[in-house]
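Right, one structure below, let's go through it.
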Amino acid sequence: MQLMMNSTPTSLLDGLNDKQLEAVTLPHQSALILAGAGSGKTRVLTTRIAWLIQTQQASPHGILSVTFTNKAAKEMLTRLSAMLPINVRGMWAGTFHGLCNRLLRAHHREVDLPATFQILDTADQLSAIKRVMKVMNVDDEKFPPKQVMGYINSCKEEGLRAYAVEAYDSHAQRMREIFEEYDKQCQREGVVDFAELLLRCYELLSHNANIREHYQHRFKYILVDEFQDTNRLQYLWLKLLAGSDNCIFAVGDDDQSIYAFRGARVGNMRDFEHDFNVENIVKLEQNYRSHSNILDAANAIITHNRNRLGKNLWTSAGKGEPIRVYEGYNDKDEAAFIVDEIKALHKEGTELSNIALLYRSNAQSRILEHELFSAGLPYRVYGGLRFFERAEVKHALAYLRLIASGDDDTALLRVINFPTRGIGARSLEQLQELARQQDCSLWQAACNKVGAGKPGRGLDGFVALIKQMQEESIGLTLPEQVELATRLSGLRDHYVMDKEGEDRIANLDELVNAAIAFNNQEIGMQVDENGEVAMSILAQFLAHASLESGEHQADAGREALQLMTVHASKGLEFNTVFISGLEEGLFPHDQSSFEANGLEEERRLMYVAVTRARQRLYLSFAQSRMLHGQLRYGIPSRFLDEIPEELIKRLNSVSNKPQSYQQPAAAPAVPKPQANLPWKIGQAVAHSKFGQGVVVNYEGNANDLRVQVNFGKEGLKWLALEYAKLETL
DNA sequence: CTTGAGAGGTTTTTT
DNA sequence: ACCTCTCAAG
């Protein structure tokens, strides 16, 4: 190892620990790097690339680096260009979807797509599915469109086309038919959804040996980040690209796999080990982030999981502060505690932006926001609608899509009557019927019907408008085209009239800005793999808008408290972290118990949450909280029990009997009429089989009374009082 | 075409 | 509680 380093300026490898160094300088072979939280994963990944280039084992041209998010891809390129003096332009780095998009653009003929194919985002896909179902006369009560979408996507993510799906009963067969028709419709309209991007690309590589070999020959080194989050299809795609000679450098952490619900297969790590003859897994277990109390807690929690590759984080930092646990009597009390604590921390000099407030589900942010707002503490909520998903932006993009290609039915339907121009449901139906008869796109049908009209109202007006846009946009720069579309469409005028339209106008302006930025960045990159002139800059911009939903909010840099779900916190770190709502049913979430290994995923989620903290960690829960408009009584999360008591400092006395607190001043808004019974909601009870629990609900009358009891680990149970022997505590 | 009442559904999320 | 969607009335 030392010998190899002679050719390398030490600066690159300086400061790496033994394991990191081993990973960075591995010879040409496939490798699995098990990188714990805070173990310097991104550093290893980027240094590996820099090292490969600097020691001239690879040129940037021969490297493919895959991530899940655009953010991670950007981060990687930024760090890399800081490390290396040379231009890394020739390197392919991006998300799975971004890279597949690039390949499909270059080889669109081979996969039978138009050069300007458009990408459907989730909302577009859903409306496309609804459309298909309408044509097919499918009952959307029996086949909820969202469910159909989930089905189609998970099929595709398994690498399956409709014909390959098994369907044993009539319901499944109908699903399969919808799947098939939906794909046909997409093909007709020249659009692809996210999963299709991957599947189509996979098929491109598997059906065309020469193309496959070309890329296999080119990408000798493939690096994959967050490998535990790959789905089946992504794994197959990687395998195909790697062929038999190339090596994959996979970095991941099975303990941080929290996306099984969207198709991630942790099992890919084991398969990878086997399929690529990985001889030894390099484990990065030294954590540079947290003090040991926090790490010990995280380790203690995660050891309760069965299926692990095995890994134990350690740190050379001291024990640090104990983990603070607070028990609120309700959600408001919990929030008030958090706010007080943050105020104190802030007074002592902790930056607000270095404090994170985490929760399991978005619904929990409301009460926290309320208290923060009252206290006058600035905060920022992550998640929610992103820039390119905003209605006004999507409208503008739909007009741009129609400029690029009128045959985009999804885009047409979105704006044919927005701003309203007198095209109602009836005229639309006629148009759709016409298109069906003529077997063409709605746009074609509309053109056939009206010929050349004048801009104005009605279908004539719409056709004329789009034609005018298409003509006038010729020769314009991208920002000018965007400006043209927002103006000519009448969107701007429409929002000027709207009393709450100011923000929307601002977003339209922001879209023009985004176009300017994109234009400056992309200029000079308009030649594709085969040296052909690539598609128009407009089509590129539209693809960009679909693939990158845009930065969350404009005021990102502000000094503010950070609020987000635990999922959103993955990959981030903060000096102080609050994890709130640690109650059975919330975290772990009730819904998780319906999924296979759901609890283990919840536990990994807890593990991720805990390992975000550098110095100080607060865990809190409430005895009762408002949820879905109902007062719910919970019991402390089992994850709290999984943390050794010696790591914990209880901030208030925690009673062992959940009911032994004063009822909150405000009683439940509409209390159920209390029948004559010894059972009150909130009453602690014991059951011979299920152990201790809390009564959370009841139904029926005196003769036939059933109570619902939260038994924590045993879950929620309905018990008939007549039969179940319950003891009050 | 716009508006408002009513129903239904609420884990997590990227592309 | 609150948000989104649908459908009927204006």
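The sequence lines fix the lettering, A, B, ..., with proteins before strands; numbering per chain opens at 1. Bear in mind the structure is a predicted one, so any value in this text is a computation, not a measurement.
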Exercise for review: Could you say whether the aromatic ring of A:F261 and the base of B:dT12 stack, counting only centre distances under 5.5 Å and plane angles under 30°?
Suggested key: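 Yes; by the centre-distance and plane-angle rule, A:F261 counts as stacking on B:dT12.
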Review point. Under 5.5 Å between ring centres and under 30° between planes: does that hold for A:H97 against the base of B:dT15?
Key: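 Ring-base stacking flag not set for A:H97 and B:dT15.
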Base, sugar-phosphate, or nothing: which does [X] touch, judged by heavy atoms less than 4.0 Å apart?
X      : answer
A:F68  : sugar-phosphate
A:Y259 : sugar-phosphate
A:D121 : nothing
A:D229 : nothing
A:E157 : nothing
A:S546 : nothing
A:I423 : sugar-phosphate

Which nucleotide sits closest to the side chain of [X]: [options]?
X      : options                : answer
A:T420 : C:dT6, B:dC1, B:dT15   : B:dC1
A:R262 : C:dT6, B:dT14, B:dT15  : B:dT14
A:T69  : B:dT14, B:dT11, B:dT13 : B:dT14
A:A568 : B:dT13, B:dT11, C:dT6  : B:dT13

Determine: side-chain N/O of [X] to OP1/OP2 of [N], distance under 4.0 Å, yes or no.
X      : N      : value
A:N417 : B:dC1  : yes
A:N362 : B:dT13 : yes
A:S549 : B:dT15 : yes

**Study point:** Salt-bridge criterion met for A:D124 and A:R401 (N-O under 4.0 Å)
**Key:**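 Counted as a salt bridge, because a side-chain N and a carboxylate O are separated by less than 4.0 Å.
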**Study point:** Residues A:D503 and A:R390 bridged, charged N to O under 4.0 Å
**Key:**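 Judged by the 4.0 Å cut-off on N to carboxylate O distance, A:D503 and A:R390 do not form a salt bridge.
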**Study point:** Protein-nucleotide distance (A:H589, atom NE2; B:dT13, atom P), rounded to Å
**Key:**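 It works out to 12 Å between those atoms.
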Check your understanding: Going by modelled atom types, is there a donor-acceptor pair between the base of B:dT11 and the side chain of A:T565 at under 3.5 Å?
Key ->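 No, the side chain and the base share no sub-3.5 Å donor-acceptor pair.
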Exercise for review: Mind telling me whether A:H97 and A:F194 have parallel, tilted or perpendicular rings, with 30° and 60° as the class edges?
Suggested key: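 Rings of A:F194 and A:H97: perpendicular, as their planes differ by over 60°.
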Practice item. Identify, between A:I258 and A:E389, the residue whose nearest nucleotide on DNA chain B lies closer to the 5' end. Key: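 Whichever sits nearer the 5' end wins; that is A:I258.
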Practice item. Can you tell me, in whole Å, how much space there is between the P of C:dT4 and that of B:dT13? Key: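 Here C:dT4 and B:dT13 have their P atoms 16 Å from each other.
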Exercise for review: Please name the pair of heavy atoms, one in A:I129 and one in A:V148, separated by the smallest distance, quoted to 0.1 Å.
Suggested key: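 That closest heavy-atom pairing would be CG2-CG1, 3.9 Å.
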Check your understanding: A:Q228 and A:E226: side chain to side chain donor-acceptor pair (under 3.5 Å), yes or no, with the steps?
Key -> CA-CA 5 Å; A:Q228 78 282 351; A:E226 304 279 16; 2.8 Å; yes
